Structures are given as structure tokens and as C-alpha cells.
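All values below come from the heavy atoms of this structure, side chains included, with hydrogens, waters and symmetry mates left out. A quick note: this is a predicted structure, and the numbers were derived from the prediction, not measured.
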Amino acid sequence: MPSLTRIDHIMQSVRERIAARTYPPGTRLPSVRAQAQSAGVSISTIVEAYGRLAAEGLIEARAGSGFYVTAPLAPLSLAALEPALERDIDPLWISRQSLEAGQDMLMPGCGWLPSDWMYDQGVRRGLRKAARSSNADLTDYGSPLGLEPLRQLLARRLVQSEIDVAPHHIMLTDSGTHAIDLICRFFLEPGDTVLVDDPCYFNFHALLRAHRAKVASVPYTHQGPDLHAFEAALQEHKPRLYITNSGIHNPTGARLSATTAHSVLAMAQRADLYIIEDDIFGDLESRPATRLAALDGLSRVVQIGSFSKTLSASLRCGYIAAQAPWIDSLVDLRTATSFSSNRLASHILHSALGDSGYRKHLERVRHRLSKAMDHTVTQLEQLGLTPWLRPREGMFLWACLPAGHDALRLARACLPHGVVLAPGPVFSQAPDAARFLRFNVAQCSDKRIFNVLKRALDKELSV
């Protein structure tokens with residue numbers, strides 16, 4: 001890997017030999033001089049690598065004798081000796097395939113921007129600033145409510161979306177997913193019903209399953225949830241919560257209209273329904289869509305978000321904006337389950353968001369996404385796929401396959417060729433879900449994606 005240093009390479013080589021039992025416990029490693037000559041590096045590089053391995057407890061130095069392996073005998077792996085078991089494509093399949101993919105994998109089905117699209121310059125400046133901060137910022141626990149300057153900044157940002165919220169009505173979390181998890185812990189008991197869009201973000205299903213909640217789905221239209229189906233679901237299932245995206249909907253790219261938003265809130269009021277509004281893609285909008293939290297005044301709507309899609313996924317930091325009594329109870333839950341906020345990540349995020357370059361970064365990302373959307377639509381239409389909707393903004397395109405094709409079979413067929421797709425059935429319970437694929441247009445610049453997809457489509461027709 002190009003990002004590894006020479007020291008990293010030496011350490012990785014030794015670790016691999018220990019794992020493969022080439023270096024069993026008690027093995028004497030090559031001398032520092034011999035290892036340096038063999039690897040073509042300096043003696044100081046080997047000294048540092050061996051020193052770090054010793055700090056990890058894998059090897060030890062014996063005076064006058066050299067370095068010896070102290071790690072226990074590695075377990076024998078039989079994975080390579082047995083046929084791999086094919087996992088069903090479920091709501092976690094795409095995430096696992098994408099997160100565990102090697103650098104040579106192409107991921108048009110993943111849900112994030114390429115690393116070179118992210119705001120790494122702002123993160124680097126934030127890291128340098130954090131390195132100069134007090135010892136407490138680098139080593140101590142953070143407040144369960146979260147870093148106050150960051151909460152003040154988030155409050156000002158939310159006001160721009162017409163969500164009037166005070167900093168003490170905002171709690172920082174470890175991520176957007178962590179925010180939803182805490183809210184589900186707060187609102188739900190096992191067996192409660194939660195309403196979701198159909199299609200919706202697949203991890204909603206996985207997270208709700210972890211909370212032993214029942215899930216009911218409402219068809220999503222170009223303007224938001226189907227209102228007749230929404231009313232019927234409220235009467236039939238008596239759901240406790242509704243989880244949705246108001247801005248850029250995942251996976252369709254649609255936007256909630258003001259008319260639909262008012263109707264949804266009116267029905268929620270009558271049915272005593274609470275709403276989680278996931279606004280994780282809000283910064284990708286140049287013209288913000290209607291927000292339920294703005295219309296509702298955070299009465300029965302809880303808004304959550306993070307900056308993993310626009311700034312850095314490595315900075316695990318999200319937020320919850322809600323009425324004060326709920327925030328107080330959520331702080332208790334946060335303390336009980338993860339004790340405190342991520343103080344260091346919060347400082348870095350605060351620095352990056354407050355950086356004047358972040359606004360320019362977003363403008364560039366939006367422009368690149370617009371061009372990528374045009375390119376992806378053109379390539380898919382040449383293969384016979386039809387956009388369900390041509391999104392105004394954002395990274396997602398919900399595309400319908402030609403008649404006779406199955407998204408699950410295509411996903412399995414493309415994976416061995418290094419392409420991770422996102423098939424419709426992980427997002428939707430509708431009977432025709434297997435006719436759809438979600439594409440991340442930012443991840444579709446490589447022509448190999450469409451070549452692999454074309455071969456898979458042609459092969460399906462020939463079967």
C-alpha cells in the first residue's frame with residue numbers, strides 16, 4: 001500500500017510471518033543489520049520497527065542475543081482450505097462489502113464520497129490546531145452533552161435551515177447511526193412498530209432489527225411519502241416512530257415537498273407519532289428542501305446529522321437536536337452506554353466546520369456531483385437502465401433495470417469482478433424491488449464499472 005511507511009512495511013511483514021506460523025513463539029528474528037540489508041532500508045528503520053513490535057508485545061529484546069517472538073502461536077486458519085460460504089444479500093451486506101473492500105475494488109453501491117473528494121485540508125488544519133491545545137483536550141473525557149463551541153456552531157447552522165434551537169438542545173454523538181440508536185433506546189420497547197420509507201436507507205432496517213422493533217413501510221414518491229399509504233399505516237400499525245430523510249432522500253435522491261411535509265406533521269400529531277429526521281446529506285444541497293424539524297419546532301421531530309459524508313468519515317461525530325427534556329434523558333443514556341463525547345474529534349470538527357474553506361469545498365463537491373450525475377445517467381441509459389428520478393442534487397441515483405433482470409443476481413455476478421453494487425431488495429420490501437439498483441454517482445467515474453455491469457446484463461439475457 002503506497003500510504004504505508006518503510007517502518008509499517010517491516011512491521012507488517014513480521015506480523016504476517018507470525019500469523020502464518022513461519023515465526024512461531026521463540027523464533028529469533030533476523031538481526032537488525034541483516035534485516036536492513038535484506039529489506040534495503042536503514043538500520044534506524046529496523047530499530048524503530050522492532051521497537052514498535054516489542055511495544056505491541058509481539059517480540060522482545062534479549063540483551064546480547066537479539067529479538068525473539070513472544071506472541072502466542074497463531075490459530076490455524078482453515079478459511080483457505082474450505083469453500084467460502086455465500087452470504088445472503090441482507091441490509092448489512094453492502095456495508096460489509098464496501099467497508100472491507102480492498103483498494104482495487106470499485107464501489108458504485110457504497111454510500112460515501114471518494115476519499116479525494118473529502119475536506120482533508122480542513123481536517124489536517126484541525127489536527128494541527130488540536131495538537132497545540134491543552135493536555136486536557138488531548139487526554140481527558142469529554143462532556144456527555146458535547147463540546148460547547150461545536151454545539152454553538154451547529155445551532156447557528158441549524159438556524160440557517162429555519163430550525164430555531166439553542167446549544168443546550170443539541171447533544172453530540174459518535175455518529176449519525178449512534179444518534180438514531182440512542183433515540184431508539186429512548187423511545188422504543190421491543191415489539192414497538194417503526195414506520196420507514198419504501199425504499200429507505202438499508203441500515204434503518206438493520207438498526208431497528210437490533211432493537212427488536214417491528215417495521216412497517218410506506219411507498220416513497222417524488223415529493224415524499226405517499227400520504228394515503230401513510231395514513232393507512234398509522235391506522236393499521238399504530239407506529240411509535242417514523243424515520244426519514246427530508247433533504248436528499250436515500251436511496252432515491254428525492255426531496256420532501258412543503259405540502260407533503262405539512263400533511264405528514266398533521267397526521268403525526270393526530271396519531272401521537274414521533275419523527276426522526278435524518279439530515280446527514282443536508283450540506284450537499286444548495287437549495288435546502290423543507291425540513292420537518294423547522295415546521296414542527298422540534299416538538300415531536302428529532303433531527304440528527306453528522307459530517308461523515310462531506311468532511312471526514314474518520315471523525316466519528318454526529319448530533320441530535322431535540323426539545324430540552326428529551327436531550328436531558330438522552331444525555332443519561334449516552335453516559336450509560338458510551339460515557340462521554342469524543343472530545344478530540346469534536347475539536348477537530350469544530351475547527352474544520354468553522355474554516356472558511358469548508359464552504360468553498362462544498363461548492364466544489366456539489367459541482368462535481370452534478371457532472372457525475374450527468375455522466376452516470378448517460379452510461380446507465382446506454383445499458384438500458386432508467387432513472388426513477390433525475391435528482392437535483394446529491395450522490396444517489398435510483399435506477400430501474402431492463403425487464404427480465406434481477407438486481408440480486410447482478411450484485412452477486414459483479415462482486416467477483418471487483419464491483420460492489422447496491423441491489424434494491426436491501427432498501428425496499430416492494431414486490432418489484434429487485435428491478436432497482438442504487439448508484440453513488442461520485443463512485444462511478446471508472447469505466448470498468450459499466451463494462452462489468454454490461455457483461456453481467458448480457459450474461460443474464462443469455463441464460
Pairwise side-chain contact, His417 with Asn451, heavy-atom cut-off 4.5 Å (strictly under): no
Worked verdict on Leu292 versus Gln303 for side chain to side chain contact (heavy atoms under 4.5 Å, CB included): CA-CA 9 Å; Leu292 292 167; Gln303 190 180 84; over 6 Å; no
Backbone of Tyr358 reached by a side-chain donor or acceptor of Asp355 within 3.5 Å: no
Check: Cys317 and Asn342 side chains under 4.5 Å, non-hydrogen atoms: no
Backbone of Ser246 reached by a side-chain donor or acceptor of Arg291 within 3.5 Å: no
Side-chain heavy-atom pair Trp117, Thr310 within 4.5 angstrom cut-off: no
Check against side chain to side chain contact (heavy atoms under 4.5 Å, CB included), Met267 and Leu273: CA-CA 8 Å; Met267 286 187 279; Leu273 175 76; over 6 Å; no
Value rounded to 0.5 Å, distance of CG in Leu330 from OG1 in Thr335: 10.5 Å
Flag for Asp197-Thr244: side-chain donor and acceptor within less than 3.5 Å: yes
Smallest separation among heavy atoms of Leu208 and Val215, with atom names: CD1-CG2, 3.8 Å
Heavy-atom side-chain contact between His178 and Arg334 under 4.5 Å: yes
Side chain to side chain contact (heavy atoms under 4.5 Å, CB included) assessment of Trp112 paired with Ser308: CA-CA 8 Å; Trp112 52 84; Ser308 60; over 6 Å; no
Asp432 side chain vs Arg435 backbone, donor-acceptor pair below 3.5 Å: no
Asn440 side chain vs Cys110 backbone, donor-acceptor pair below 3.5 Å: yes
Heavy-atom closest contact (Ile275 atom, Leu241 atom, distance): N-CD2, 4.5 Å
Within 6.0 Å of CG in Asp446, more than 12 heavy atoms from elsewhere: yes
Short side-chain donor-acceptor distance under 3.5 Å, Tyr201 and Arg438: no
Any residue meeting salt bridge (charged side-chain N to carboxylate O under 4.0 Å, His left out) with Arg359, in chain and number order, not counting sequence neighbours: Glu363
Ring center gap for Phe396 and Phe281 short of 6.0 angstrom: yes
Criterion side-chain hydrogen bond (donor to acceptor under 3.5 Å, both in side chains) on Arg125 and Tyr119, from CA distance to verdict: CA-CA 10 Å; Arg125 282 193 287 268; Tyr119 192 39; 3.0 Å; yes
Main-chain N/O of Gly424 paired to Ser428 side chain as donor or acceptor, under 3.5 Å: no
Test item: side-chain donor near acceptor, Glu393 and Ser286, under 3.5 Å: yes
Closest approach of Ala407 to Pro425 (non-hydrogen atoms, all atoms of both residues): CB-CD, 4.5 Å
Side-chain donor or acceptor of Arg240 paired with backbone N/O of Phe187 under 3.5 Å: yes
Note: Asp283-Arg157 ion pair, threshold 4.0 Å (strictly below): yes
Spatial distance of atom CD (Gln160) from atom CZ (Arg156) [nearest 0.5 Å]: 9.5 Å
Verdict with supporting geometry, Glu231 and Arg270, salt bridge (charged side-chain N to carboxylate O under 4.0 Å, His left out): CA-CA 10 Å; Glu231 180 70 44; Arg270 293 193 297 269; 3.5 Å; yes
Smallest separation among heavy atoms of Glu277 and Val301, with atom names: CB-CG1, 4.0 Å
Backbone of Asp374 reached by a side-chain donor or acceptor of Thr378 within 3.5 Å: yes
Partner residues of Tyr242 under the ring-ring contact (aromatic ring centres under 6.0 Å, His included) criterion, sequence neighbours left out: Phe230
Positive for side chain to side chain donor-acceptor pair (under 3.5 Å) with Arg255, one of His249, His222, Glu285: Glu285
Residue pair Ser346 / Leu172: nearest heavy atoms and the distance that separates them: OG-CD1, 3.6 Å
Non-hydrogen side-chain atoms of Leu415 and Met105 separated by less than 4.5 Å: yes
Whether over 12 other heavy atoms sit under 6.0 Å from His367 NE2: no
Positive for side chain to side chain contact (heavy atoms under 4.5 Å, CB included) with Ile180, one of Leu207, Asn203, Val302, Thr173: Leu207
Output field: ring centroids Tyr274/Trp326 closer than 6.0 Å: yes
Greater than 12 external heavy atoms within 6.0 Å of Arg6's CZ: no
Test item: Arg212 side-chain N/O and Arg209 main-chain N/O as donor-acceptor pair under 3.5 Å: no
From CA spacing to verdict: side chain to side chain contact (heavy atoms under 4.5 Å, CB included), Met373, Arg390: CA-CA 8 Å; Met373 184 68 70; Arg390 179 69 178 265; 3.8 Å; yes
Distance in Å, Ser341 OG paired with Leu147 CG, rounded so as to fall on 0.5 Å steps: 7.5 Å
Thr376 side chain to Ala372 backbone, donor-acceptor under 3.5 Å: yes
Atom pair CG (Asp8) and CD (Glu48), whose distance is rounded to the nearest 0.5 Å: 10.0 Å
Any Ser175 side-chain heavy atom under 4.5 Å of Ser306 side chain: no
Distance in Å, Ser312 OG paired with Ile348 CD1, rounded so as to fall on 0.5 Å steps: 8.5 Å
Glu189 atom CD, over 12 foreign heavy atoms within 6.0 Å: no
Closest approach of Leu408 to Asp406 (non-hydrogen atoms, all atoms of both residues): N-OD1, 2.9 Å
Ser161 side-chain N/O to Ile163 backbone N/O, donor-acceptor pair under 3.5 Å: no
Nearest-0.5 Å distance, OG1 of residue Thr386 to CZ of residue Phe436: 9.0 Å
Side chain to side chain, Lys214 and His237, heavy atoms closer than 4.5 Å: no
Check: Gln223 and Thr259 side chains under 4.5 Å, non-hydrogen atoms: no
